[in-house]
Amino acid sequence: MIISVASGKGGTGKTTVSTNLAVSIDREVKLFDCDVEEPNAHLFLNPEFENSTPVFTFVPKIDADRCNGCGKCAEICRFNALAVLGKKVLVFPELCHSCEGCRDICPEDAVEEDARELGVIDSGHRNGIFFVQGCMRIGEAMSPPLIRHVRSYARPEDLVIIDAPPGTSCPAINAMKGTDFVLMVTEPTPFGLHDLKLAVEAVKVLNIPCGLVVNRSDIGDRQLWDYAVQEGLPILLEIPFDRSIAEIYSRGQLLVEEVPSWRPIFARLYDAIVDTIETRRSIQ
Amino acid sequence: MKIAVTSQGKELASQVDPRFGRAPYILVVDIDTMNFEALDNSGNAGAFKGAGIQAATMVHDKGAEVVMTGYCGPKAFATLQAAEIKVVSDIAGTVADAIEKFKSGSVTYTTSANADAHW
C-alpha cells in the first residue's frame, strides 16, 4: 500500500505529517521523500544513509559520420533540443525530455545515447524505516524522472509513505499517481483552501481516495470545513497552531517522540486511512 | 547578401522587435535589391522553450548571413554561431533604419550573447 502525503499549498506540513506518521505505524515502513527539489524529511528522521546513487536520463548524441542532415530529429523534438544547420547538428541536452523520438525517427541510425545527470538517490535506515530520497542536481529542471526513480524502490507488499512536492503540476502528479491514498495536508486560510481545491481536483482526475489533515487548525476561518463537507472529504486529523509544536519542528525533532501522546494519534490516522481505503473498495 | 532583422511587423517601416526568438516576424532582406521576405515567427514566439534555437534555424535555412536584433540569448547565439551567422545586437528603430545602419558600415558584431537564458 502506498500513501502519498500531498498539498496544494507549500509549507502546510506535509513533511511533519509524513515523518510522524511513518514512525508511529507499528510495522515496517518505507518513507520516500519525493520532494526532490528540496528534500528535508531526512532532517527529522535522521536516517543512517547507506547508499548514494546518481541517476541519469537519456539525451541524444549525434554521430556526425552517419548523419546526413535530414533534420527529422529536430522536427520531431517539441522541446527544440536539437538544431540542424546544414550537416551540423547542435544538441541542447538541458532542453531534452528524454522521449527518444529523435533516436526512433533517425533514418541513418545516427542518434546515439548520451546521459544527463538528474540527481542522486540516497537510501538508508532508521529503526524500522527504510528511507529513500531524491536530490535533484543543481541546475536540473526536470524532476519527474527522478521522482519515478525514488518510487521504483517500492515493492508491492510494502507499506510506503510518500512525502510529495507541493502544487498540482508534473512533480506533484508523479508523486501521487498510482498511490492508494492521498493524504492532503492543508491549513484553514484562504490561501490554503484555494490551493487545496486545485489539488483535490487533480486527485479526482487521478481517481484516488483522499482525506484531509488540517494543520494549524485553530487559525483562519471555517470555510475549509464547509468545503470538506461539500466534497465529502473526511478530515482525519487536526493539528492545532501550537508554539511547542513549532519549536519541536524547528529543532528538527519528531512530534511523536517529543510529545508521546501524539504517537497514538498518528497511529489512529493510519488506521483511518486504511478504513477509508477499505470502505471505498467495498462500495466499488 | 541577406540580412535577418527581428520585427514587430511585416514591413521595412516596422519597428525592430528587441527579442530574437520571440519576435512576431523576422524580415529577411536582400540588401542589394531591398527585396525582402517577412517570416512569420509566431510559432516560435509561443514555444515553451528553445524559441531562439528555432528562429536561428529558420534564419539559416533562408540563407541570411547576418542577424540584427535587440537581444540574443545564449542558445540562439550558439545556434547562429554554428550556422556561421554574424550577430549585431542592441538594434532599435525601424527595420529600414537597421539596414541603413548596416550599409553605412557602422555596426559591430557581437562575440557573445547579451541576454540570459529563459527559465
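Because only heavy atoms are used, hydrogens play no part in the values below, and waters and symmetry mates are left out as well, while side chains stay in. Residue numbers start from 1 in every chain, and the chains themselves are labelled A, B, ... in the order their sequence lines are given, proteins ahead of strands. The model shown is predicted, which means the values in this text are computed figures rather than measured ones.
- In this structure, Lys103(B) places its NZ atom where more than 12 heavy-atom neighbours from other residues, nucleotides or ligands lie under 6.0 Å away.
- In this structure, chain B has heavy atoms under 4.5 Å from both the backbone and the side chain of Phe79(A).
- By the 6.0 Å contact criterion, CD on Glu38(A) is open, its count of non-hydrogen atoms from other residues, nucleotides or ligands being 12 or less.
- Judged by distance alone, the side chain of Lys88(A) and the main-chain N or O of Ala82(B) form a donor-acceptor pair under 3.5 Å.
- The nearest pair of heavy atoms linking Leu85(A) to Thr57(B) is CD2-CA, 4.1 Å.
- In this structure, Phe49(A) places its CZ atom where more than 12 heavy-atom neighbours from other residues, nucleotides or ligands lie under 6.0 Å away.
- Within 6.0 Å of the CZ atom in Phe44(A), the count of heavy atoms belonging to other residues, nucleotides or ligands exceeds 12.
- Crowding of Lys72(A) atom NZ: a count of heavy atoms from other residues, nucleotides or ligands under 6.0 Å not exceeding 12.
- Contact detail for Leu90(A) and Ala78(B): the closest heavy-atom pair is CD1-O, 3.7 Å.
- Pairing each heavy atom of Lys49(B) with each of Asn80(A), the nearest pair is O-ND2, 2.8 Å.
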